[in-house]
Amino acid sequence: MPLTAKRIVWVKALIHVVSLTFAANMAWLVLNNKFGADPVDGITHYTGLAALNTLIITMLVSPIAKYARQGLLIRCRRVLGLYSFFWATLHLLTYLALDLTFDFSLLGTEILSRPYLTVGAFCWVILFALTVTSTSRIQRKMGVKWQKLHNSVYLVLILAPIHFYWSSKSELLEPSLYFLLGVSLLAIRWKTLKRIVLNPMLKRG
């Protein structure tokens, strides 16, 4: 059954409902002390996984739309991408507020001295840039540069699981699975990656 513009509106509404339900669930867990002995670690893990899962789902939209021949499904990528940035920002704010008590100078020192934080901050900056340039008006103004900028999401797809892996004290299986999933999503796009990475290198060579 082909998706129509009207049905896409309902799909987007469902995305909002599901995402806000997860946000409400996190608030309930916090208010009822359900994050265990180390609530800061629990909130950090929750928001980080939410950001990563939403990013993965965002990157799944294009191949699903292609193979299911549902071109209008692409319209859902922006709202999913915005929620990925939303969760990534909550993830950063959790660290800034609960671990560093809003000490911005210490935040800079920590980012520069801890590789996993450096990678995480780099991912957040990319997602921020993609978010502020995600509107149709800015896309038209940027032209070809817009697509080049938004191709940087492929970096986040690999670096975010690495950030997860390095920040995990004992659990390595889960971040490894996310890394393999990210690599698989890139493998699906090997023709695109070849065009944006290998072709410029060959021209310079």
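Since this is a predicted model, take the numbers as computed values, not measurements. Atoms considered below: every heavy atom in the structure, side chains included; atoms not considered: hydrogens, waters and symmetry mates.
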Could you tell me whether the side chain of [X] and the main chain of [Y] form a donor-acceptor pair under 3.5 Å?
X: Y67; Y: S62; result: no
X: N32; Y: K34; result: no
X: T109; Y: S105; result: yes
X: T101; Y: A97; result: no
X: R69; Y: A65; result: no

Spatial distance of atom [atom1] ([X]) from atom [atom2] ([Y]) [nearest 0.5 Å]:
X: L80; Y: T58; atom1: CG; atom2: OG1; answer: 4.5 Å
X: L93; Y: L100; atom1: CG; atom2: CG; answer: 11.5 Å
X: M26; Y: L90; atom1: CE; atom2: CG; answer: 5.5 Å
X: I188; Y: L60; atom1: CD1; atom2: CG; answer: 7.0 Å
X: L185; Y: I56; atom1: CG; atom2: CD1; answer: 5.5 Å
X: L107; Y: L92; atom1: CG; atom2: CG; answer: 6.5 Å

Is any side-chain heavy atom of [X] less than 4.5 Å from a side-chain heavy atom of [Y]?
X: S168; Y: P175; result: yes
X: K12; Y: R75; result: yes
X: F22; Y: W87; result: yes
X: R189; Y: M59; result: yes
X: T94; Y: Y46; result: no
X: I15; Y: C76; result: yes
X: T131; Y: F86; result: no
X: F164; Y: Y178; result: yes

(message) Checking H45 against E174 for the side-chain contact (heavy atoms from CB on, under 4.5 Å) test, could you report, in this order, the C-alpha distance in whole Å, the side-chain angles of both residues, the deciding distance, and whether it holds?
(response) CA-CA 12 Å; H45 188 70; E174 191 175 17; 3.9 Å; yes
(request) Please check if the distance between the ring centroids of H16 and Y83 is under 6.0 Å. (result) yes
Exercise: identify the closest heavy-atom pair between [X] and [Y]:
X: I158; Y: P161; result: O-CD, 3.2 Å
X: V153; Y: I126; result: N-CG2, 4.5 Å
X: L3; Y: Q70; result: N-OE1, 2.7 Å
X: V119; Y: L159; result: CG1-O, 3.3 Å
X: A160; Y: C123; result: N-SG, 3.7 Å
X: S84; Y: L127; result: OG-CD1, 4.3 Å

Can [Y] be reached from [X] by stepping across I, L, V, M, F, W or Y side chains whose heavy atoms are under 4.5 Å apart?
X: L106; Y: L112; result: no
X: I57; Y: V17; result: no
X: L180; Y: L52; result: no
X: W28; Y: V30; result: yes
X: I138; Y: F85; result: yes

(message) Does T133 form a side-chain contact (heavy atoms from CB on, under 4.5 Å) with H150? I'd like the steps, not just the answer.
(response) CA-CA 9 Å; T133 60; H150 279 248; 2.9 Å; yes
(request) Could you check R78 against S134 for side chain to side chain donor-acceptor pair (under 3.5 Å), going step by step and ending with a plain yes or no? (result) CA-CA 7 Å; R78 181 173 182 266; S134 63; 3.1 Å; yes
(message) Please determine whether the number of non-hydrogen atoms from other residues, nucleotides or ligands lying under 6.0 Å from atom CZ of F122 exceeds 12.
(response) no
(request) Verify the neighbour count for atom OH of Y165: are there more than 12 heavy atoms of other residues, nucleotides or ligands below 6.0 Å? (result) no
(request) Show your working on side-chain contact (heavy atoms from CB on, under 4.5 Å) between Y95 and E110 and close with a plain yes or no. (result) CA-CA 11 Å; Y95 179 70; E110 289 284 284; 2.9 Å; yes
(message) Show, in sequence, the C-alpha distance, side-chain angles and deciding distance for R114 and W166, and conclude whether the side-chain contact (heavy atoms from CB on, under 4.5 Å) test is met.
(response) CA-CA 10 Å; R114 298 177 184 268; W166 282 349; over 6 Å; no
(request) For the pair H91 and H163, name the ring-plane relationship: parallel under 30°, tilted 30 to 60°, perpendicular over 60°. (result) perpendicular
(request) Evaluate the ring planes of F128 and W124, with Trp represented by its six-membered ring, and classify them as parallel (under 30°), tilted (30 to 60°) or perpendicular (over 60°). (result) parallel
